Amino acid sequence: MENVEQKFQSAIDAEIKIEPRNWMPDAYRKTLIRQISQHAHSEIVGMLPEGAWITRAPSLKRKAILLAKVQDEAGHGLYLYSAAETLGESREQMINDLHSGKAKYSSIFNYPTISWADMGAIGWLVDGAAILNQVMLCRTSYGPYARAMVRICKEESFHQRQGFDILLTLANGTPEQKAMCQDAINRWWWPSLMMFGPKDSESTNSDQSMKWKIKRKSNDELRQNFVDMCVQQVKVLGMTLPDPDLKWNEGKQQHDWGEIDWDEFWAVVKGNGPCNKERLDARRNAWNKGAWVREAAAAHAAKQAAKQKQQAA
Ligand code: BYC
């Protein structure tokens with residue numbers, strides 16, 4: 001057994017991708033199922049805050065763009081559920097775990113979207129944070145996850161640009177539009193920083209995930225990259241980030257910044273954020289209301305299969 005585990009780790013060290021039929025330690029399989037399924041759930045639950053604005057988008061063009069973006073998120077969820085299925089987990093089990101509250105999804109989607117500017121802030125900040133994390137995941141050690149991420153990242157970069165474009169338009173608009181833009185940035189900034197997870201010193205999964213190259217950069221490293229990137233981009237908007245402690249550190253060649261409210265982070269992760277209940281209720285309702293579609297699709301597939309069998313006979 002030791003020999004097999006050593007061979008597995010050597011393959012990881014040599015940057016050889018692990019594929020579904022390769023031997024892998026149970027714990028590697030388990031942590032991947034946990035992370036990939038939670039990632040998939042985030043994409044699906046993440047459709048809700050933006051979906052609420054499709055009917056209220058300010059123009060036909062904005063509506064079409066937002067609709068396409070929200071559809072993309074559904075697609076990301078599907079690629080990711082499929083990647084997790086290659087590890088032997090059933091789609092039904094993953095969905096049940098989301099609905100029972102056993103599986104997590106990103107904390108960010110438990111905040112309300114109260115103005116059109118929130119669509120811009122989500123695109124710029126939330127998709128921006130997601131891209132930094134996901135570009136790293138394109139090199140993750142499990143083949144199906146890494147390949148799914150390549151496609152997802154291409155779409156995410158379009159999402160980020162559409163968000164920035166919404167904010168740029170508002171930032172060049174009336175005083176009310178400018179204020180709306182700043183307000184959305186103020187509300188989404190800290191929750192976006194929380195997307196990267198707990199501090200490295202409190203991250204339970206990081207050490208092992210780094211050894212297995214599931215993660216390539218730590219939570220804090222990615223969060224720092226994100227802050228440094230946003231400081232530059234917010235200047236283009238002529239807006240500010242809501243952190244009085246934000247300043248350039250010449251010695252470290254990076255920005256120093258304030259402390260995240262970790263009590264808020266853990267409250268949201270544990271189910272007590274502003275919209276946790278609403279989001280899970282929406283998902284459970286959609287699942288129940290969609291039962292007839294799943295049944296009809298299964299009946300149609302069974303009929304087609306029987307027809308093909310008959311033709312082949
Ligand atoms: N929210 O040991 P740690 C998107 C949990 S969606 C909730 O550091 P890990 C988009 C963590 O699960 C993008 N829970 O964990 C969609 C763990 O608990 P469990 C979503 C969090 O896994 C629509 C515990 O805290 N992206 O792009 O090593 C519209 C300790 O943490 C959070 C992904 O899912 C959180 N923020 O690292 C727009 C990326 N943070 O599971 C955009 C894939 C931590 O042991 N996931 N927890 O019970 C990852 O890269 C990693 O799972 C994380 C956390 C960096 C998130």
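Remember, it's 1-based here, ligands and their atoms both numbered in the order they're listed. These values consider heavy atoms only, across backbone and side chains, with no hydrogens, waters or symmetry-generated copies. A quick note: this is a predicted structure, and the numbers were derived from the prediction, not measured.
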Joint cluster assignment, L87 & Y28, ILVMFWY side-chain distance < 4.5 Å: yes
Worked verdict on H76 versus H39 for side-chain contact (heavy atoms from CB on, under 4.5 Å): CA-CA 9 Å; H76 299 174; H39 194 165; over 6 Å; no
Polar side-chain atom of E43 near backbone of G75 as donor-acceptor pair, under 3.5 Å: no
Pair N96-E92, side-chain donor/acceptor within less than 3.5 Å: no
Any donor-acceptor N/O pair, T113 side chain to D118 backbone, under 3.5 Å: no
Residue-ligand contact K215/ligand 1, heavy atom below 4.0 Å: yes
Under 3.5 Å donor-acceptor, K277 side chain and G271 backbone: no
Under-4.0 Å heavy-atom contact with ligand 1, by part of E156 that carries it: side chain
R34-ligand 1 polar pair, N/O distance under 3.5 Å: yes
Atom 27 (O) of ligand 1 - nearest protein heavy atom and its distance: A130 CB, 3.0 Å
Ligand 1 contacted by H76 (non-hydrogen, < 4.0 Å): no
Closest protein heavy atom to atom 44 (C) of ligand 1, given as residue, atom name and distance to 0.1 Å: P198 CD, 3.5 Å
Candidate with minimal heavy-atom separation from atom 56 (C) of ligand 1, of M195, H159, K199: M195
Ligand 1 contact on I108 by region, counting heavy-atom pairs under 4.0 Å: neither
Residue-ligand contact E50/ligand 1, heavy atom below 4.0 Å: yes
Residue part near ligand 1, for Q35, under 4.0 Å between non-hydrogen atoms: side chain
Cluster overlap I185 with I114, hydrophobic side-chain contacts below 4.5 Å: no
Atoms in ligand 1 flagged as close to T204, the criterion being non-hydrogen separation under 4.0 Å: 2 (O), 30 (C)
Side chain, backbone, both or neither: the part of V269 lying under 4.0 Å from ligand 1 by heavy atom: side chain
Residue portion contacting ligand 1 (non-hydrogen atoms closer than 4.0 Å) for K69: side chain
Charged tip of R284 within 45° of W287 ring normal and under 6.0 Å: no
CA sep, side-chain torsions, deciding dist, call: R187, Y111, side-chain contact (heavy atoms from CB on, under 4.5 Å): CA-CA 9 Å; R187 282 181 293 103; Y111 290 86; over 6 Å; no
Proximal ligand 1 atoms for S42, defined as those under 4.0 Å from one of its heavy atoms: 6 (S), 16 (C), 20 (C)
Identity and distance of the protein heavy atom lying nearest atom 12 (O) of ligand 1: Q38 NE2, 3.2 Å
Check: H159/E156 side-chain N/O donor and acceptor closer than 3.5 Å: yes
Protein heavy-atom partner closest to atom 13 (C) of ligand 1 - residue, atom, separation in Å: Q134 NE2, 3.9 Å
Proximal candidate to atom 50 (O) of ligand 1 [heavy atom criterion; set N219, D220, N133]: N133
Heteroatom proximity flag, M194 to ligand 1, N/O under 3.5 Å: yes
Those atoms of ligand 1 less than 4.0 Å from some heavy atom in S203: 2 (O), 3 (P), 8 (O)
Within-cut-off N or O pair, S209 and ligand 1, under 3.5 Å: no
Exercise: do D13 and Q9 side chains pair donor with acceptor under 3.5 Å: yes
Heavy-atom nearest neighbour in the protein, as seen from atom 36 (N) of ligand 1, with distance rounded to 0.1 Å: S107 OG, 3.1 Å
Heavy-atom nearest option to atom 10 (C) of ligand 1, drawn from Y145, F196, F265, F109: F109
Set of residues satisfying ring pair (Phe, Tyr, Trp, His ring centres under 6.0 Å) with respect to W188, sequence neighbours excluded: none
Ligand 1-proximal atoms of Y105, by part, heavy-atom distance under 4.0 Å: backbone
All pairs passing salt bridge (Lys or Arg N to Asp or Glu O under 4.0 Å) where residues 259-272 contributes a residue, at least two apart: K199-E259
Residue pair E50, M47: steps toward the side-chain contact (heavy atoms from CB on, under 4.5 Å) verdict: CA-CA 6 Å; E50 288 177 292; M47 295 166 74; over 6 Å; no
Nearest protein heavy atom with distance in Å, relative to atom 15 (O) of ligand 1: N205 ND2, 3.3 Å
Pairwise side-chain contact, T31 with R34, heavy-atom cut-off 4.5 Å (strictly under): yes
Ligand 1 atoms in contact with D127 (distance to a heavy atom under 4.0 Å): 38 (C), 42 (C)
Nearest non-hydrogen protein atom, atom 40 (N) of ligand 1: G197 CA, 3.1 Å
D220 side chain to Q224 side chain, donor-acceptor N/O pair below 3.5 angstrom: no
From E202, K104, H41, K102 - option closest to atom 48 (O) of ligand 1 by heavy atom: K104
Interfacing atoms of ligand 1 (cut-off 4.0 Å, heavy-atom, S106): 1 (N)
